[in-house]
Student: 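Please find one structure pasted underneath; my questions will follow.
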Amino acid sequence: MNDRNYSASAKLRWYPDISCPTCGGRVNSWDKRCSRALGYKQIVCEGCIAQEYQIEVEELRDTMKEHFGLIPCPGI
């Protein structure tokens, strides 16, 4: 999950001192919002969350929007 590419990554807030507890990758403000909505105690990257639920990242984003009203941070 370390090689995630975003169209405008400068619009995301990255957390340099925090890494995903599952894969060790970088996490950002979108990962934090998803993790909180799903009740995780730590910030887990969206790739690992999607993998845990056995869905694609785009499906996770759609689910977050449909069920929680969360829209990905600009730049994703």
Student: As an exercise, state the distance from CG of Leu38 to OH of Tyr53, rounded to the nearest 0.5 Å.
Tutor: 4.5 Å
Student: OG1/Thr22 to CD/Gln42 distance, rounded to the nearest 0.5 angstrom?
Tutor: 8.0 Å
Student: What's the spacing between Glu56 CD and Gln51 CD if we round to 0.5 Å?
Tutor: 10.5 Å
Student: Identify the heavy atoms of Pro21 and Val44 that sit nearest to each other, and give their distance.
Tutor: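 Smallest heavy-atom distance, with atoms named: CG-CG2, 4.0 Å.
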Student: Check this for me: Glu52, atom CD, are more than 12 non-hydrogen atoms of other residues, nucleotides or ligands nearer than 6.0 Å?
Tutor: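 Check passes, neighbour count above 12.
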Student: Do Leu70 and Tyr40 belong to the same hydrophobic cluster, where Ile, Leu, Val, Met, Phe, Trp and Tyr are linked whenever their side-chain heavy atoms lie under 4.5 Å apart, directly or via other members?
Tutor: yes
Student: Do you know which two heavy atoms are closest between Ser19 and Gly24, and how far apart they sit?
Tutor: CB-O, 3.6 Å
Student: Say whether, by atom type as modelled, one donor and one acceptor occur between the side chain of Arg33 and the main chain of Ile71 under 3.5 angstrom.
Tutor: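 Looks like yes, one N/O pair under 3.5 Å.
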Student: Enter the distance from Asn28:CG to Cys20:SG here, rounded to the nearest 0.5 Å.
Tutor: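 Reported to 0.5 Å precision, the distance equals 11.0 Å.
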Student: Please report the shortest heavy-atom distance between Glu46 and Leu60, naming the atom on each side.
Tutor: O-CD2, 3.5 Å
Student: Which atom names give the shortest non-hydrogen contact between Ser35 and Ile49, and what distance separates them?
Tutor: OG-CD1, 3.9 Å
